[in-house]
Amino acid sequence: PGMWNSKIREAVNQGHSEKALVLFRQMKRSGVAPNNSTFPFVAKACARLCDLRNSQIIHTHVAKSWFQSNIFVQTAVVDMYSKCGQLEDAYNLFVGMPDRDIASWNAMLLGFAQWGLLDRVLCLLRQMRLTGIHPDSVTVVLLTHAILHMKNPTFVSAIHSFGVRLGVHIDVSVANTLIAAYAKSSDLCSAEVVFDEIDSGLRSVVTWNSMIAAYADFEKHVNAVNCYKGMLDGGFSPD
RNA sequence: UCCACUGUGCUU
């Protein structure tokens, strides 16, 4: 199945999810069995398309496959169902997983976070820590999203402190998320503090974009323009 | 041993 896998992977990586599913159908029709490096990609394609019908078809194939207990495959299926809105299917699969690593927990946390189920996010986080799995930078980003809709800077600050305790606040994606979250919670000052505290060598285009967007939200157009200039000075080109 | 490879996360 190697050549099918690389075609499917290429399609997914280029954002052509429908094409990936077409290739998957062709693969099956030609009698080639999908394997552990087929399923995660087609699952991702379904997740992106929020395509429940194909998700169920893929899950059926997974269930009949030798690779049904592969942790990568299972995590991808959990994520696929979550993104299609089938949270209880996702959760049931998650609970039945023989092994779960941080990515598995994060995928399930994201599922609850995406649908605004903060209580379930917190409950799952507690369970995760009880099993000895430590939250990572991805977890912190997800938690930030879970509390974002409340637009409460106190909550953002709590997650921020949590990230500092874990030592993941230096992760650029975490910082970028916090900048946006503080700004959306009307705490521009804290957004600026986070921005200033990132090593200038670690700032990415997303970091700059986040800060510019923050200033724009507050209608601080002069700051936004200065920030934009800073981005250009930093050697970044706008995207 | 290290690295890279298939699953979860950044702004608009």
Side-chain angles (χ1 to χ4, degrees), chain A residues 1-2 4-13 20 24 34-48 55 58-59 62 65 67-83 90 93-94 97 99-114 121 124-125 128 133-148 156 159-160 163 166 168-184 191 194-195 198 202-217 224 227-228 231 236 238-239:
Chain A
W4 286 108
N5 286 343
S6 54
K7 279 186 182 172
I8 291 171
R9 184 182 60 213
E10 189 185 6
V12 173
N13 288 339
F24 180 65
N35 65 15
N36 56 326
S37 43
T38 316
F39 291 123
F41 287 108
V42 288
K44 182 184 276 200
C46 286
R48 289 218 182 118
S55 292
I58 283 158
H59 182 205
V62 168
S65 143
F67 305 97
Q68 61 167 296
S69 56
N70 177 291
I71 191 169
F72 284 72
V73 172
Q74 292 190 322
T75 300
V77 173
V78 166
D79 180 60
M80 174 181 79
Y81 271 137
S82 291
K83 293 207 166 86
L93 287 168
F94 174 82
M97 286 175 69
D99 296 299
R100 296 174 213 124
D101 64 9
I102 184 63
S104 321
W105 287 91
N106 284 337
M108 196 63 243
L109 286 167
L110 173 65
F112 290 137
Q114 277 177 332
V121 169
L124 199 66
L125 181 67
M128 177 177 118
I133 304 273
H134 293 288
D136 67 1
S137 57
V138 176
T139 317
V140 172
V141 171
L142 302 178
L143 290 175
T144 309
H145 281 115
I147 54 102
L148 194 55
V156 179
I159 307 284
H160 188 173
L166 295 169
V168 300
H169 58 296
I170 47 171
D171 182 290
V172 206
S173 297
V174 170
N176 297 342
T177 302
L178 287 170
I179 290 169
Y182 274 126
K184 282 174 185 144
V194 173
F195 181 87
I198 311 174
L202 294 179
R203 288 174 192 153
S204 70
V205 194
V206 175
T207 313
W208 288 100
N209 284 344
S210 306
M211 200 60 234
I212 293 168
Y215 284 129
D217 276 347
C227 195
Y228 177 74
M231 180 176 91
F236 291 100
D239 63 351

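Lettering of chains follows the sequences in order, A, B, ..., and the numbering in each one begins at 1. Since the structure is predicted, the reported quantities are computational estimates derived from the model, not experimental observations.
Side-chain atoms of R48(A) come within 3.5 Å of backbone atoms of V12(A) as a donor-acceptor pair (strictly under, hydrogens ignored). Between the side chain of R203(A) and the main chain of M231(A), no donor-acceptor pair closer than 3.5 Å is present.
Residues R100(A) and I133(A) have side chains not in contact (no heavy-atom distance under 4.5 Å, counting atoms from C-beta outward).
Remark: RNA chain B forms no stem of 3 or more consecutive Watson-Crick or G-U wobble pairs with all pair distances under 3.5 Å.
Scanning for side-chain contact (heavy atoms from CB on, under 4.5 Å) contacts around V141(A) gives H145(A), V174(A), T177(A), with sequence neighbours left out. Taking the ring pair (Phe, Tyr, Trp, His ring centres under 6.0 Å) definition, one finds that F94(A) meets it with W105(A), sequence neighbours left out. Qualifying ring pair (Phe, Tyr, Trp, His ring centres under 6.0 Å) partners for H59(A), counting only residues two or more places apart in sequence or in other chains: Y81(A). By the side chain to side chain donor-acceptor pair (under 3.5 Å) test, T75(A) pairs with S104(A), sequence neighbours left out.
Residue contacts shown for D239(A) are absent, as no nucleic acid heavy atom lies under 4.0 Å away. Using a 4.0 Å heavy-atom cutoff across all strands shown, T75(A) reaches at least one base atom of the nucleic acid. Among the atoms of the strands shown, base atoms are found under 4.0 Å from some heavy atom of N36(A). Counting any heavy atom pair closer than 4.0 Å across all strands shown, T139(A) reaches no nucleic acid atom. When heavy atoms are screened at a 4.0 angstrom cut-off, I71(A) is found touching base atoms of the nucleic acid. No engagement by T144(A) is indicated, since no non-hydrogen atom pair under 4.0 Å with the nucleic acid exists. As judged by a 4.0 angstrom heavy-atom cut-off over every strand, D101(A) is placed among the base-contacting residues. Heavy atoms of A103(A) sit under 4.0 angstrom from at least one base atom.
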Might you work through the side chain to side chain donor-acceptor pair (under 3.5 Å) test for T207(A) and S204(A), ending with a clear yes or no? CA-CA 5 Å; T207(A) 313; S204(A) 70; 3.2 Å; yes
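Using cut-offs of 30° and 60° for the angle between ring planes, the F236(A) and W208(A) rings count as tilted.
Bracketed by its first and final contacts, the part of RNA chain B lying under 4.0 Å from non-hydrogen atoms of chain A reaches from U6(B) to U12(B) in 5' to 3' order.
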